[in-house]
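So you know, we letter chains A, B, ... as the sequences are listed, proteins then strands, and number each from 1. Just the heavy atoms: all of them, side chains too, but no hydrogens, waters or symmetry mates, feed the values below.
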Protein chains: 2
Amino acid sequence: MYICIVKLENAIQSNKFKSEVQKAGLNILYTAWWLKTLSCKELKEFGLTHEQYNVLRILKGKHPNQMCVKDIAGRMIEKNSNVPRIIDRLVVKKLVKRTQGEHDGRQTVMALTQAGLSVLESSTNKIDEIYEATVSLNNKDAAALNNLLEKIREKEK
Amino acid sequence: MYICIVKLENAIQSNKFKSEVQKAGLNILYTAWWLKTLSCKELKEFGLTHEQYNVLRILKGKHPNQMCVKDIAGRMIEKNSNVPRIIDRLVVKKLVKRTQGEHDGRQTVMALTQAGLSVLESSTNKIDEIYEATVSLNNKDAAALNNLLEKIREKEK
DNA sequence: ATAAAATACATGTATGTACATGTAATAAAA
DNA sequence: TTTTATTACATGTACATACATGTATTTTAT
């Protein structure tokens, strides 16, 4: 049991930031890594990786209907994820059932199996629990954070 | 030229968030991916990956002195990075010089080469430029964001 | 001084990212 | 209708992550 290193300066052992904006960039990257690590540790006992969990969560959104690869990819957090290969592994574990598309022969369509649904539910409970215990942020702060993050990304590209 | 998708709801095509806190978690992960993609695209023309750039930046902090693997690893944003192998690639490109430690034979110590310093400087200029043009956040907002992110991580673990 | 423990790093494997390219099915154009 | 373009996905490669394990060197304990 030890106190988590809070300050970015400690986490990456540097205090030479050009600006608050540059520091914010690093802070977002570091916090994302921290959050990801947090849930990965929990997911491991369910035999899932972060991205496999993400795909299961997305599939649940349409359950018991099927989704094609493209629809899943569009909902992934990391857009360059190679969805077909993540699904390969979920199919091997029988958490997802994959069949050829009917009205469009190019598509492969996926649905959660009963096992997939059940693993998803227990792992989600576990992650919610950990977040509850570890991510210290009230609703008001979370809303402020959401606004700031969306502000960052608002420029044309 | 198109307008960047701002809202997380659009980015991951979902609006079923359990709470602002859960949404904030996803928002951080997505924004980190967005930032990373932004700089990766620029780094590519310098033949660098995100993590290789991070190592060069860290080495510059002590330049022209050397650093060992452990010191570099402690400063990485993603703590599970496999520093020895990232360095392998930088050595091949002659951006970093690696030698055996003297006062401790277990260590390998690294320093930037002149080429490494020069690539680092031009790529840093390019990235600063892109951030300036794309990351829309003023200093006050950035400071608020930094506080919120550090607040998230403040719990014991 | 010798054995045991710890440290610093290298290496191996499964999985994922980022991106290029290939292939079959569908849609659009001539 | 036939050609051409596009779409949806599969596959390949280089690099990175996450984690386990191996190896040499140093430190500590006996």
So does K16(B) pair up with E9(B), basic N to acidic O under 4.0 Å?
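Looking at K16(B) and E9(B), the cut-off is not met.
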Between the side chains of K62(B) and D71(B), is the shortest nitrogen-to-carboxylate-oxygen separation below 4.0 Å, so that they form an ion pair?
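No, no charged N to carboxylate O under 4.0 Å.
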Rounded to the nearest angstrom, tell me the gap between atom CD in E78(A) and atom P in dT15(C).
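After rounding, the reported distance stands at 18 Å.
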Rounded to the Å, how far apart are K44(A) NZ and dA14(C) C1'?
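The answer, rounded to whole Å, is 11 Å.
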Can L59(A) and V96(A) be said to form a side-chain contact (heavy atoms from CB on, under 4.5 Å), step by step?
CA-CA 9 Å; L59(A) 280 171; V96(A) 163; 3.6 Å; yes
Name every residue in residues 53-77 of chain A that has at least one heavy atom under 4.0 Å from any atom of DNA chain C, in order of residue number, or write none if there are no such residues.
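Nothing qualifies; none.
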Which ones in residues 97-112 of chain A lie close to DNA chain C, meaning a heavy atom under 4.0 Å from one of its atoms?
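Output list: D104(A), G105(A), R106(A).
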Reckon T49(A) has a side-chain N or O less than 4.0 Å from the OP1 or OP2 of dT15(C)?
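No.
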What are the bounds, 5' to 3', of the part of DNA chain D that sits under 4.0 Å from heavy atoms of chain A?
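The contacted stretch runs from dT7(D) to dA20(D).
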How long is the span from the CG atom in N27(B) to the NZ atom in K7(B), to the nearest 0.5 Å?
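If I round to the nearest 0.5 Å, the distance is 9.0 Å.
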Which value, rounded to the nearest 0.5 Å, describes the distance between M110(A) atom CE and M67(A) atom CE?
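It is 8.5 Å, given to the nearest 0.5 Å.
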Answer with base, sugar-phosphate or nothing: what part of the nucleic acid does R85(B) contact at a heavy-atom distance below 4.0 Å?
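Result for R85(B) = base.
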Any idea which heavy atoms bring L26(A) and I77(B) closest together, and the distance?
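Looking at all heavy atoms of both residues, the closest pair is CD2-CD1, 3.4 Å.
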Work out which heavy atom in E20(B) is nearest to a heavy atom in N139(A); give both atom names and the distance.
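That closest heavy-atom pairing would be CB-OD1, 3.6 Å.
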